[in-house]
Novice: 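First the structure, which I've put down as structure tokens, then a few questions once you've had a look.
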Amino acid sequence: ILEHLGQTINATHAYIFEQHMDKNGEVVYSMRFEWTRPGFSSDLENPEFQNTPLFEEDFERYYTTLKSGEPFVGSASSFLPLEEEHFSSLGIKAILEVPLFVNGKWWGTIGFDDFVQEREWGNAEVDALRIAAGILSAGILRQETDAAVQESERIYRQAIEAADAVPYYQDYENDRYLFMGEGIREMTGYGPEEINIQGWANMIEETVMLGEAEGLSLNDAIQLMRRGKLKTWKCDQKIRTRDGQIRWITDSSIEIFGDKKMSRGSIGILQDITERKRTEMQIHLQAAALEP
């Protein structure tokens, strides 16, 4: 994008700066991307353009303009004295920067420099770059939103796994697991990549429906769940692991419903309750032994 725009308006440099926090919690500015016309050196690795203070003294006009959402447009003859001194030291004869706003906050800038000649940027150029800035801002927002969702999922998975539970995501339309936690390996002897719908069914030796589906057969519960008649799923299942051990697993999940109010998948957790089942069995046997 920077290359295309830079060539179109005949700039020598095109770049994107991002605002962020440094290690001391101060807001700073860093160059993230840059395009340069052949024959001009890049500043992407220049320390002077990394982690620089956002608000430098005597540059109030520059920051106020961008923070207000307006482009900063200037050339050597229109710069204020301290601006002219600074930009000239960098070789800049003309500059055009447009702010990038993401979710209502000033995220950074997209900018263009001319090292060859002083020039006046036309209204058409400024308007085109405003549009480009809007498109870039939307793309950044989408990227940050996706990253936030992924980070939330990672935290949730870690929290679930810390509780000795295995998270999973089952896709009904394609009849497969889209995700299975690594803990399934210790629980069953099979790795996440080995677990599929039929393989899991083959491990099950007994199912006891609980909650809303208590008393129902496994098949009846599945049919009601898929039709949206049941909102949550809970059952205990006796399984045989890879090495032949018998374990009890409790399966709790919620349904994901599509446009037609039909379930298209479920997100749930599996927990090993073998010790609890053994304790329940011992209590039951002891109670039976005490009966007259």
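Remember, it's a predicted structure, so these values are computed and weren't measured experimentally.
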Novice: Any side-chain donor paired with an acceptor under 3.5 Å for Tyr15 and Glu97?
Specialist: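 Tyr15 vs Glu97: donor-acceptor pair found between side chains.
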
Novice: Under a 3.5 Å distance rule, please check whether Ser89 uses its side chain to pair with a backbone N or O of His86 as donor and acceptor.
Specialist: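 Flag set: sc Ser89 to bb His86 pair under 3.5 Å.
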
Novice: Any idea which heavy atoms bring Trp248 and Thr274 closest together, and the distance?
Specialist: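 In this case the closest contact between Trp248 and Thr274 is N-OG1, 3.0 Å.
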
Novice: Any donor-acceptor pair under 3.5 Å linking the side chain of His13 with the backbone of Ser41?
Specialist: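 A pair under 3.5 Å: yes.
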
Novice: Got a second to check how far Thr109's OG1 is from Lys67's NZ, nearest 0.5 Å?
Specialist: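 So the gap between those two atoms works out to 14.5 Å.
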
Novice: Between Ser30 and Glu18, does any side-chain donor sit less than 3.5 Å from a side-chain acceptor?
Specialist: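 The criterion, which ignores hydrogens and geometry beyond distance, is not satisfied for Glu18 and Ser30.
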
Novice: Would you check, one step at a time, whether the test salt bridge (charged side-chain N to carboxylate O under 4.0 Å, His left out) holds for Glu125 with Arg119?
Specialist: CA-CA 12 Å; Glu125 293 172 317; Arg119 61 190 284 187; 3.2 Å; yes

Novice: Can you list the residues that meet the side chain to side chain donor-acceptor pair (under 3.5 Å) rule with Arg130, with sequence neighbours excluded?
Specialist: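 Arg130: side chain to side chain donor-acceptor pair (under 3.5 Å) contacts with Glu70.
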
Novice: Among Glu84, Glu118, Gln117, find the residue that satisfies the side chain to side chain donor-acceptor pair (under 3.5 Å) test when tested with Ser75.
Specialist: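 Testing each of Glu84, Glu118, Gln117 against Ser75, the sole residue satisfying side chain to side chain donor-acceptor pair (under 3.5 Å) is Glu118.
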
Novice: Indicate whether any N or O donor in one side chain lies under 3.5 Å from an N or O acceptor in the other, for Asn219 and Gln223.
Specialist: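 No pair is found: no donor N or O on one side chain lies under 3.5 Å from an acceptor on the other.
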
Novice: Work out which heavy atom in Met187 is nearest to a heavy atom in Thr241; give both atom names and the distance.
Specialist: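 Minimum heavy-atom separation between Met187 and Thr241: O-CG2, 3.6 Å.
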
Novice: Do the side chains of Met225 and Ile267 join up, straight or via other hydrophobic residues, at under 4.5 Å, putting them in one cluster?
Specialist: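 No, it is not one cluster - the side chains of Met225 and Ile267 are not joined through contacts under 4.5 Å.
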
Novice: Hydrophobic clusters join Ile, Leu, Val, Met, Phe, Trp and Tyr when side-chain heavy atoms are under 4.5 Å apart, directly or via other members; which others share one with Val126?
Specialist: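 Once heavy-atom contacts under 4.5 Å are chained together, Val126 belongs with Ile1, Leu2, Leu5, Ile9, Ile16, Phe33, Trp35, Val73, Leu96, Val98, Leu100, Val102, Trp107, Ile110, Phe112, Trp121, Leu129, Leu136, Ile140, Leu141.
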
Novice: Search all heavy atoms of Gln50 against all heavy atoms of Leu44 and return the closest pair with its distance.
Specialist: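 Heavy-atom minimum between the residues: NE2-O, 3.2 Å.
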
Novice: Kindly give the heavy-atom pair with the smallest separation between Phe79 and Ile92, and that separation in Å.
Specialist: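 Reported closest heavy-atom pair: CE1-O, 4.4 Å.
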
Novice: Please check if atom CD in Gln143 has more than 12 non-hydrogen atoms from other residues, nucleotides or ligands closer than 6.0 Å.
Specialist: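 Result for CD/Gln143: open.
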
Novice: Side chains of Tyr29 and Asn51: do they bring a donor and an acceptor to under 3.5 Å?
Specialist: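 No - no donor-acceptor pair under 3.5 Å links their side chains.
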
Novice: Could you tell me whether Arg242 and Glu194 make a salt bridge, using a distance below 4.0 angstrom between a side-chain N and a carboxylate O?
Specialist: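 A salt bridge is present here (some side-chain N lies under 4.0 Å from a carboxylate O).
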
Novice: Does a donor on one side chain and an acceptor on the other come within less than 3.5 Å for Gln245 and Asp243?
Specialist: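 Yes, side-chain donor-acceptor contact under 3.5 Å.
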
Novice: Can you tell whether the side chains of Asp220 and Lys229 come within less than 4.0 Å, N to carboxylate O?
Specialist: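 No, no charged N to carboxylate O under 4.0 Å.
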
Novice: Contact between Met31 and Asp43 at the side-chain level, heavy atoms closer than 4.5 Å - yes or no?
Specialist: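 Of all side-chain heavy-atom pairs linking Asp43 with Met31, at least one is under 4.5 Å.
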
Novice: Let me see the working for Met203 and Tyr190 under side chain to side chain contact (heavy atoms under 4.5 Å, CB included), right down to the final yes or no.
Specialist: CA-CA 11 Å; Met203 280 190 276; Tyr190 297 93; 3.7 Å; yes

Novice: When the aromatic ring centroids of Tyr168 and Phe179 are compared, is their separation below 6.0 Å?
Specialist: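 When the ring centroids of Tyr168 and Phe179 are compared, they turn out to be at least 6.0 Å apart.
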
Novice: Check for me, please, whether Ile254 and Leu210 land in the same ILVMFWY cluster - side-chain distances under 4.5 Å, paths through other members count.
Specialist: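 As far as the 4.5 Å side-chain criterion goes, Leu210 and Ile254 are not connected within one cluster.
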
Novice: Evaluate the criterion salt bridge (charged side-chain N to carboxylate O under 4.0 Å, His left out) for residue pair Asp114 and Lys93; output intermediate values, then yes/no.
Specialist: CA-CA 6 Å; Asp114 195 326; Lys93 299 183 182 296; over 6 Å; no

Novice: Quiz question: by atom type and distance under 3.5 Å, do the side chains of Thr64 and Glu60 form a donor-acceptor pair?
Specialist: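 The answer is no; no qualifying pair exists.
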
Novice: Kindly compute the distance separating OG1 (Thr145) from CG (Asn103), expressed to the nearest 0.5 Å.
Specialist: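 Output value for this atom pair is 7.0 Å.
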
Novice: Measuring from Phe101:CZ to Ser137:OG, what's the distance to the nearest 0.5 Å?
Specialist: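 Here the interatomic distance stands at 8.5 Å.
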
Novice: Can Arg61 and Leu80 be said to form a side chain to side chain contact (heavy atoms under 4.5 Å, CB included), step by step?
Specialist: CA-CA 9 Å; Arg61 184 177 75 136; Leu80 296 177; 3.8 Å; yes

Novice: Out of curiosity, does Leu224 fall in the hydrophobic cluster containing Ile222 (side-chain heavy atoms, cut-off under 4.5 Å, transitive links)?
Specialist: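 Looking at the clustering, Leu224 is in the same group as Ile222.
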
Novice: Is any side-chain heavy atom of Thr36 closer than 4.5 Å to a side-chain heavy atom of Glu34?
Specialist: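 Touching, per the 4.5 Å side-chain cut-off.
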
Novice: Passes side chain to side chain contact (heavy atoms under 4.5 Å, CB included), Tyr172 versus Ser263? Steps please.
Specialist: CA-CA 8 Å; Tyr172 296 156; Ser263 181; 3.1 Å; yes

Novice: Measure across Ala165 and Gln271 and return the closest heavy-atom pair with its distance rounded to 0.1 Å.
Specialist: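 Reported closest heavy-atom pair: CB-CG, 3.6 Å.
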
Novice: Please name the pair of heavy atoms, one in Pro99 and one in Trp106, separated by the smallest distance, quoted to 0.1 Å.
Specialist: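 It is CB-NE1, 3.8 Å.
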
Novice: Quickly, which of Arg278, Lys238, Arg247 forms a salt bridge (Lys or Arg N to Asp or Glu O under 4.0 Å) with Asp272? Name it, please.
Specialist: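 Going through Arg278, Lys238, Arg247 one by one, the salt bridge (Lys or Arg N to Asp or Glu O under 4.0 Å) with Asp272 is satisfied by Arg247 alone.
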
Novice: Check step by step if side chain to side chain contact (heavy atoms under 4.5 Å, CB included) holds for His20 and Val28.
Specialist: CA-CA 6 Å; His20 61 98; Val28 292; 3.4 Å; yes

